[in-house]
Amino acid sequence: MGRVESEFSSSDLRDTNGRKADYDSESLYYGLHFGAGYVWNITDAASLDLYGKYFWTRQEGDSVKLSTGEPVHFDAVDSHRIRAGGRFAYAVNEYFSPYVGAAYEHEFDGKARATTDSFRIDAPTLEGSTGIGEFGLSFRPTASIPLSIDLGVQGYTGQREGVTGSLHLKLEF
């Protein structure tokens, strides 16, 4: 859960006085996901983690007024996605374990609807499929302390495109 802050500004949209249109918006978001998986230990050093997940996210709506005076209302947006994938990891030694993975994700919904002066604005959608690739390294600094560090990079292609990086610190007790 968290808060989304959006700023919009356009030099192309102006009122009769020449003021450009802009607004600031804030809304709450929250979600949940659940999944299941199976780790297949191929050898003592190699493993394959197969998984499936379901994600639900909701971003609450907001009403703003453009700097040019027009009201804009954004409806709440619900997102429903499933993901299926796998990750192959190989323990080089007790400290280093590189991994590589791939997944398929499908967004079932996710239209962002809005109105201005009771007129509907064309709704962009996130519906569609995305391929996800990842690689990274899990590192355990010492065998005596149950701390692990995971550095990873994920790339997305399809409906969602981009690259993300991740850093996870895990301390087990």
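On a predicted model such as this, the values are computed, not experimentally measured, just so you know.
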If you count heavy atoms of other groups shown closer than 6.0 angstrom to CH2 of Trp40, is the number above 12? no

Could you tell me how the ring of Tyr104 sits relative to the ring of His106: parallel (under 30°), tilted (30 to 60°) or perpendicular (over 60°)? parallel

May I ask you to say whether Glu105 pairs ionically with Arg160, meaning some side-chain N is under 4.0 Å from a carboxylate O? yes

Any chance the side chains of Tyr30 and Gln59 put a donor and an acceptor closer than 3.5 Å? no

Checking Ser166 against Gln154: is there a side-chain donor and acceptor pair closer than 3.5 Å? yes

Is a donor from one side chain sitting under 3.5 angstrom from an acceptor on the other, for Tyr99 and Asp150? yes

Measure from the side-chain N and O atoms of Ser67 to the backbone N and O of Lys20, and report whether any donor-acceptor pair falls under 3.5 Å. yes

Please verify the inter-ring angle class for Tyr54 with Phe34; under 30° counts as parallel, over 60° as perpendicular, anything in between as tilted. tilted

Closest heavy-atom pair and its distance - Tyr51, Gly86: CE2-N, 3.7 Å

Counting only heavy atoms not in Asp117 (residues, nucleotides, ligands), do more than 12 fall under 6.0 Å from its CG? yes

More than 12 foreign heavy atoms under 6.0 Å from CD1 of Ile145: is that the case here? no

Applying ring pair (Phe, Tyr, Trp, His ring centres under 6.0 Å) to Phe135 and Phe88, what does each step give before you reach the verdict? CA-CA 9 Å; Phe135 66 91; Phe88 175 79; over 10 Å; no

For Glu161, is the CD atom crowded, meaning more than 12 foreign heavy atoms sit under 6.0 Å from it? yes

State yes or no: are the ring centers of His80 and Phe108 separated by less than 6.0 Å? no

For the pair Thr130 (side chain) and Gly158 (backbone), establish whether a donor and an acceptor sit closer than 3.5 Å, ignoring hydrogens and angles. no

Lys/Arg N to Asp/Glu carboxylate O, Arg140 vs Glu94, below 4.0 Å: no

May I ask you to test the Leu147-Pro141 pair for a side-chain heavy-atom distance under 4.5 Å? yes

A side-chain contact here means heavy atoms from C-beta on lying under 4.5 Å apart; do Lys170 and Ser148 qualify? yes

Do Glu127 and Gln159 have side-chain heavy atoms sitting under 4.5 Å apart? no

Less than 3.5 Å apart, any donor N or O on the side chain of Ser25 or Asp62 sitting next to an acceptor on the other? yes

Test your reading of the model: is there a side-chain donor-acceptor pair from Thr116 to the backbone of Phe119, 3.5 Å cut-off? no

Who pairs with Asp75 by side chain to side chain donor-acceptor pair (under 3.5 Å), at least two apart in sequence or on another chain? His73

When you compare the side chain of Leu66 with that of Val72, does any pair of heavy atoms fall below 4.5 Å? yes

Is a salt bridge present between Asp78 and Arg58, judged by a nitrogen-to-oxygen distance below 4.0 Å? yes

Between Asn93 (side chain only) and Tyr95 (backbone N and O only), is there a donor and an acceptor less than 3.5 Å apart? yes

Test of ring centre spacing under 6.0 Å for Tyr90 and Phe96: no

For a 4.5 angstrom cut-off between non-hydrogen side-chain atoms, does Lys65 reach Tyr23? no

Cluster question for you: counting only ILVMFWY and a side-chain heavy-atom cut-off of under 4.5 Å, with indirect links fine, are Leu48 and Val100 together? yes

